[in-house]
Amino acid sequence: MNIQTNIGGATAEQANIVPNPIIEVRQAQVFYGEKQAIVDVDVDIQQNAVTAFIGPSGCGKSTILRCFNRMNDVIPICRVEGSITLAGQEIYAPEVDVVVLRQKVGMVFQKPNPFPKSIFDNIAYGPKIHGLTTSKADLEEVVETSLKRAGLWEEVKDRLDQPGTGLSGGQQQRLCIARAIAVQPSVILMDEPCSALDPIATATVETLIDELREKYTIIIVTHSMQQAARVSQNTAFFHLGELVEFGTTEQIFSAPREERTQNYITGRIG
Amino acid sequence: MPDAPAINITYSGNRARTVELIVRVILIGCALVAVITTVGIVASLLFESLRFFQKIPLTDFLFGLEWSPQTALRADQVGASGAFGAIPLIVGTLLISAIAMVVATPLGLMSAVYLAEYASDRTRGIVKPLLELLAGIPTVVYGFFAALIVAPMLRNGGENLGFAISSESALAAGLTMGVMIIPLISSLSDDVINAVPQSLRDASYGLGATQAETIKQIILPAAVPGIAGSLLLATSRAIGETMIVVMAAGLAANLTLNPFEAVTTVTVQIVTLLTGDQEFDSAKTLSAFALGLLLFVITLCLNVIALQIVDRYKEQYD
Amino acid sequence: MTDPDSIIATGRSPRHKAELRFRAYGIAAIIVSLGFLVVMVGAIVSRGTGAFQQTFVQIEINVPANKVDPQGTRDPNVIKKARFSSILKKAMRQRFPEAKSRQDKKSLYKLVSSTAEYTVRDAVVADPSLVGETSTFSIRASSDVDMFMKGNIDPTLEQSRRRIDDKQLAWIEQLRAAGQIEKQFNTQFFTGGDSREPEQAGIWGALAGSSLTLLVCFLLSFPLGVLAAVYLEEFASKGRINRLIEVNINNLAAVPSIVFGLLGLAIFLNFFQLPRSTPLVGGMVLALMTLPTIIIASRASLRAVPPSIREAAFGLGASKVQTTFHHVVPLAMPGMLTGTILGMAQALGETAPLLMIGMVAFIVDIPGGVTEAATALPVQIFLWADSPERGFLEKTSAAILVLLIFLVIMNLIAIILRRRLEVRW
């Protein structure tokens, strides 16, 4: 598909501002049955950076996020049109293996959802099913590295055999992040990862996100503008299924070009 | 793209896809067993019944007033062909089921009302499992109890009052069956009553109605479709019940509506025809399948109607 | 006259009385229902507990070497061939020499079970040193004597109206006075197969038959039911075909059990020519019957697993099959097992379909495999309930007690499983 010809208007200019894009979205449309949830979205995701998707609830920010690893596939009435590419490959092409796609594009959910298994098994599950490790020692190393990267190792290293569900909310969410890291993804999608956490746990997770940027590309959906401002380099503002404005976080929060963006960040729509 | 990670998301092989496909096929196969069972039931009943109807006309079976399926020992024996009129069996079945429903409906319904509206959680927690215990007792036990205790008790009671009650009376089987059905009616009605929204109760109490008035005039009328559905399901259960009637009801096909006389039922005759020595292809053996088909059709109709009523009722308040 | 504005309850208004009356109806309904339960269980317990004991008679028996083992081989096969019935009869005549006439002797022999000679034979075979000696044997009393000892035969009745005659009564009194008749725990009831003689009949054969039948039933219905539920809940799209399967399962759950028996007879026995009266066919029929129960319970249990678990697995790149079988099914397993145990309890109590496939025969041998002819516990109850002998009434009630105990245990296991393992979300 020749994407260049499809781009038109202000969104095309916005899309091109990003250096090193790893995900490129062109003219994306998402439908739930008859209802259109996403209208003509163009956006680029910068590699090794944190991109925040903000906007009022129901604006479609989670919907577009879930397109990046085809989590929408489970909803039978959901239909995606347009072009979404990961490292130049069309995500919705028929030859794509969703299972491999989801390994490359990991996800962390709104509510921490550890498996009701031990901490070790929670992390080890992904590498096991993808055949990433060959020996037990290997697997143990992956678990340790992942937990270290997620900043959880010191807290849990003595109780790896205890259930992951027994951890505190913030720890559970970091466990979920470690679990996502363990399958060696390139991109990590985070769908309001802190909305179920208290402020202290939120701060820990935010610090973690900032550190993870070095190795991974992160897209975070959040309803908290302060959080977007704190952790992201680029910000996309969605409203009613449209991408209203996309730019560096600094620009969006200090000098928004669009009036709707201005209204949102000053609290007049929300 | 400098420094782009080596990302390849296309299929590397077909193995994983094949596994998914095989698993899916196995799962569908398992789900289809239920369908195959139904097909098997219908096919086997129809096939054997058709062979029966080649020997005995369908109209004789459905409208005949006499049932005596003995097969001839000698070809020239009187009444050699046997009589295969199902009416006495159907009437007997309905008589016993009706007695059962007369017993079970008020008891089951009132228990449900009490448990749903009056009982404290503690009482409910104790009484409900106890009632369910009644449903968990095998029907062969009810049958034994009916034949051993209920029937002689009724016969003696009748004797003392000066009239004859058969020791295989429809009443003994019906009463016992009624008790067996109580938990079915009470648990189904309990669900139905609980589905009536609290707002209706609040509205009635707000007008100063007593609890009994609210139940009788607001809740029960609102729950009527659901209750009707559960009563139909219970009736279907009574009609298909076998062991109680095999052990407590009679074998002789009397065409009567008198509950003190012995009657026989469809299920009793199926068991009698098919246990013990049987020759295949005789009208006698095949008639059991025709009775089975009759039973299946009647209960299926009741179930379909009942399930539909209950479903529609539940949707109404969802 | 009361003040029309008063809101004080008087307790005498007709509306108040109607309220109390209505409430009383509810309580009465529950009491009547539960009362029936109490009466039924009570009647069965009071009649059945006697069967756990059996009357035994102690008799001195001389085992003459010249008749049993003339060559002194001590070979069990030789001893087995000896005529122990005449040895036993002789011993009884010696104990009660007053029995002279044919009639009296007949009455005398009827004091002990007709299977008593085998008891003596087995004892001698087991211990060949008894040959040539006179020793005391504990012999199973006949059912009539057993019934009398348990107070089920009224000795004040006219002789012709009771099953123990006056002479037998006198002998029993003699034995009693000598302490040679007593009730013992009836192990035979738990370890023996069926018998025409009530005092000899046991439930082990029926229990073994039931166990084998349930085993077949479980092995078929559990995997089939669970996988069908997994398909309907996790894989099926909400299409017409799946709606059809669902309606089908709901209706199948309400089909009378005897119809399943007819299916088994027509398809499994007549069409596929599987062996009649066997636990294999019984288990297959019961499996089809319990399948809807298990599917419905398993689906409810799968539905209770929160979607976040599925999302977590999908998000890691687990496939549909991996997500389902690594995460969802294990979490739903306690609920599925609970449903299955309840289905098995239902199958254990089921009688009618087994009658259709011939598991109703008189079978003495203990079944050793699923393709051997067998009966099942509820069918055994049905058979015994049909027997005219007074002794079988007690056995029937006792067998029902055993069946009920098994059902209670299964239900308790289901409840414990649910409480222990079920994860609350």
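Protein chains get the first letters and strands the later ones, always in sequence-line order, with residue 1 at the start of each.
Neither the backbone nor the side chain of C:I31 comes within contact range of chain B, judged by heavy atoms closer than 4.5 Å. The part of C:L407 that comes within reach of chain B is its side chain, from C-beta onward, which places non-hydrogen atoms under 4.5 angstrom from that chain. With a threshold of 4.5 angstrom between heavy atoms, B:L148 approaches chain C through side-chain atoms but not through N, CA, C or O. Interface residue C:L37: backbone and side-chain heavy atoms are both found under 4.5 Å from chain B. Of the two parts of B:L130, the backbone and the side chain both hold a non-hydrogen atom closer than 4.5 Å to a non-hydrogen atom of chain C. Contacts between C:V39 and chain B at a heavy-atom distance below 4.5 Å involve backbone atoms as well as side-chain atoms. For C:V32, the part lying near chain B is the side chain, with the backbone staying farther off; criterion is any non-hydrogen pair under 4.5 Å. Heavy atoms of C:L355 lying under 4.5 Å from chain B belong to its backbone as well as its side chain.
Atom CD1 of residue B:I181 and atom CD1 of residue B:I244 lie 7.5 Å apart, to the nearest 0.5 angstrom. Between the OG1 atom of B:T37 and the CG atom of C:L288 there is a distance of 4.5 Å, given to the nearest 0.5 Å.
Counting heavy-atom pairs closer than 4.5 Å to chain B, the top residue among C:A361, C:S397, C:G264, C:P292 is C:S397. With chain B as the partner, the residue from C:V255, C:I295, C:I249, C:L291 showing the most heavy-atom pairs under 4.5 Å is C:V255. When each of C:E350, C:R47, C:Q322 is checked for heavy-atom pairs under 4.5 Å with chain B, C:R47 comes out on top.
In this structure, B:F145 has its ring center closer than 6.0 angstrom to the ring center of C:F36.
Salt bridge status for C:R23 with B:E117: absent, with no side-chain N to carboxylate O gap under 4.0 Å. Between B:E213 and C:R15 there is a salt bridge, with a side-chain nitrogen of the basic residue lying less than 4.0 Å from a carboxylate oxygen of the acidic one.
Residues satisfying the ring-ring contact (aromatic ring centres under 6.0 Å, His included) test with C:Y25, not counting sequence neighbours, are none. With sequence neighbours excluded, the residues satisfying side-chain hydrogen bond (donor to acceptor under 3.5 Å, both in side chains) with B:T265 are B:T267.
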